[in-house]
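Worksheet for the structure shown next.
Every value quoted in this text rests on a predicted model; they were computed, and no experiment measured them. Chain letters run A, B, ... following the sequence lines, proteins first, then strands; residues in each count from 1. Atom set for the values below is all heavy atoms of this structure, side chains included, hydrogens, waters and symmetry mates excluded.
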2 protein chains.
Amino acid sequence: MHTMTGNDAAGGGLRERKKRATRAALAEAAVRLAAEHGADQVTVEAISAAAGVSVRTFFNYFDSRDDAFVVVDADASGRVRRAFLAAPPGLPPLEALREALAAELREAERQHELWSLHARVLRSAPHLLVRNLGAQMADESGLAEAIARRIRAGDDQDAAGAPPEDDADRAAPELYPRLLAAVAGTAVRVSVQHWCERPDEVSFAGVFREVFDLLAAGLPAPAR
Amino acid sequence: MHTMTGNDAAGGGLRERKKRATRAALAEAAVRLAAEHGADQVTVEAISAAAGVSVRTFFNYFDSRDDAFVVVDADASGRVRRAFLAAPPGLPPLEALREALAAELREAERQHELWSLHARVLRSAPHLLVRNLGAQMADESGLAEAIARRIRAGDDQDAAGAPPEDDADRAAPELYPRLLAAVAGTAVRVSVQHWCERPDEVSFAGVFREVFDLLAAGLPAPAR
DNA sequence: CACAATTTTGCATGCCGTGCATTTTTGCAT
DNA sequence: ATGCAAAAATGCACGGCATGCAAAATTGTG
């Protein structure tokens with residue numbers, strides 16, 4: 001299940017490469033068809049035909065029809081976690097997370113066309129935006145654990161005596177890591193949402209920076 | 001769509017009262033059946049039978065089967081908005097929202113049994129938790145507008161000249177109200193989530209207070 | 001090339017969700 | 001109270017979604 005093999009550019013076997021090619025073809029076909037005809041007018045049969053596979057095969061890759069529209073990049077969350085943990089030790093958690101997210105979002109803007117289509121599909125179908133949000137929430141748990149680990153690592157600088165239980169209380173995550181992970185995800189969502197409505201007025205990086213500045217300041221009443 | 005009529009305890013006509021009774025019966029039957037047999041084992045037919053209506057009638061009240069598990073109190077968001085707008089004018093937005101949410105959550109703990117069942121159902125079925133999150137997001141837009149209005153009202157104290165457009169730019173909400181609304185919703189979710197895992201260690205009010213204290217402080221790294 | 005493992009595919013099945021016409025209930029005016 | 005119009009509930013039919021199962025096709029390996 002975990003696809004332990006390094007699954008970035010080229011995973012060893014021809015089998016896995018073809019699997020990912022089929023999956024990507026299905027996802028891209030789904031997004032393009034949805035952008036053209038509207039999301040709810042696209043049947044599984046049409047997606048499968050566009051990708052060159054049978055209807056049954058579609059359900060071998062996605063648990064539901066909507067999943068094809070939602071999943072864009074499965075290992076983006078892993079990259080964010082790694083970048084967050086690799087940030088300079090002195091940085092506060094919120095700042096480290098801001099940098100990690102900003103780097104990932106800059107990277108995401110490379111596939112600008114598909115991203116834009118995807119955003120349009122999600123905006124025109126609130127139902128799918130919710131599912132996308134759900135995928136974001138699935139990452140939240142892993143990110144919260146990374147935050148907790150980074151805080152422990154920071155504390156270990158001061159108190160060298162490492163606690164005997166390394167990951168014993170993993171089943172009961174603390175409050176702060178969860179809150180920070182959840183709020184950061186929300187911040188990304190609001191930034192994208194706000195920026196999508198004004199593609200020309202402001203840059204995405206500017207919106208993103210302003211959002212995190214507001215968070216770091218404790219969400220004060222805006223001055224006019 | 002807006003159910004303009006004051007829809008609190010007893011809405012005028014017998015019609016609307018019976019409608020809400022049927023809707024509540026369906027929702028409660030759905031939650032109880034899901035808590036007993038598991039959410040995905042409950043068919044629409046079973047829910048309808050338990051509520052004493054036909055299958056077709058079920059779909060007259062809910063757009064999908066899952067919606068029956070998600071919606072608990074349709075006008076909770078309206079109460080929060082009103083309480084938020086009625087808060088003392090001097091209070092900063094974050095504090096006013098904290099108080100409004102705390103009051104609503106205290107009120108929600110009255111139907112403790114159904115709430116607890118509902119929480120268990122949502123935790124056992126991530127799929128439904130996502131839909132619940134979606135319902136929360138639907139309220140987000142209205143709450144953001146209320147926040148924007150409160151801020152405008154606060155500014156009108158300083159500059160008495162009221163702007164000619166009262167709700168002209170409703171279509172283009174500003175960044176801060178949206179962010180605050182979204183983060184507050186996230187804060188509630190994380191509070192409930194965290195508290196549900198430790199029902200005995202801490203009180204819900206305590207978790208809730210700690211979360212908003214962290215937000216108001218700008219999510220600083222926790223001191224040990 | 002032969003063989004085992006994996007993937008794809010077709011078929012059957014059941015539930016979900018919607019449109020339409022019909023029947024029943026409700027509110028209101030007489 | 002009684003008839004009437006609006007609204008809700010119901011039954012029926014239809015198509016898409018989603019899964020299990022077994023057969024056929026494809027890939028990796030000796």
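Rounded to an integer number of Å, the gap from CG of Asp66(B) to P of dC17(D) is 16 Å. At whole-Å resolution of the value, CD in Glu16(A) and P in dT26(D) are 20 Å apart. Here dC17(D) presents its C1' atom at 14 Å from CG of Asp40(A), a figure rounded to the nearest Å. Rounded to an integer number of Å, the gap from CZ of Phe62(A) to P of dT19(D) is 13 Å. Spacing between atom CG of Leu26(A) and atom P of dT7(C) amounts to 15 Å, rounded to whole angstrom units. Ile47(B) places its CD1 atom 12 Å from the C1' atom of dC16(C), with the value rounded to the nearest Å. The nearest whole Å value for the distance from the CG atom in Asp63(A) to the P atom in dG20(D) is 11 Å. In this structure, His127(B) atom NE2 and dC16(C) atom C1' are separated by 12 Å, rounded to whole Å.
Taken from OG in Ser77(A) to CZ in Phe84(A), the straight-line distance is 14.0 Å, to the nearest 0.5 Å.
dT30(C) is paired with dA1(D) under the Watson-Crick or G-U wobble criterion, all donor-acceptor distances under 3.5 Å. Under the Watson-Crick or G-U wobble criterion, with both distances below 3.5 Å, dT29(D) is paired with dA2(C).
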Distances for protein N or O near nucleotides 6-12 of chain D N or O, under 3.5 Å:
residue, atom, partner, partner atom, Å
dA6(D), N3, Arg15(B), NH2, 3.0
dA7(D), O4', Arg15(B), NH2, 3.2
dA8(D), OP1, Lys19(B), NZ, 2.9
dA9(D), OP1, Tyr61(B), OH, 2.6
dA9(D), OP2, Tyr61(B), OH, 3.3
dT10(D), OP2, Ser54(B), N, 2.9
dT10(D), OP2, Ser54(B), OG, 3.2
dT10(D), OP2, Thr57(B), OG1, 2.2
dT10(D), O5', Ser54(B), OG, 3.3
dG11(D), O6, Arg56(B), NE, 3.4

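For the pair Thr57(A) (side chain) and Val53(A) (backbone), a donor-acceptor distance under 3.5 Å is absent.
Around CZ of Arg123(A), the count of heavy atoms belonging to other residues, nucleotides or ligands within 6.0 Å exceeds 12. Within a 6.0 Å sphere centred on CD of Glu109(A), heavy atoms belonging to other residues, nucleotides or ligands number more than 12.
Glu113(B) has a carboxylate O that lies under 4.0 Å from a charged side-chain N of Arg32(B), or vice versa, which qualifies the two as a salt bridge. At a threshold of 4.0 Å, the pair Glu16(B)-Arg23(B) does not count as salt-bridged, since none of the basic side-chain nitrogens sits closer than that to a carboxylate oxygen.
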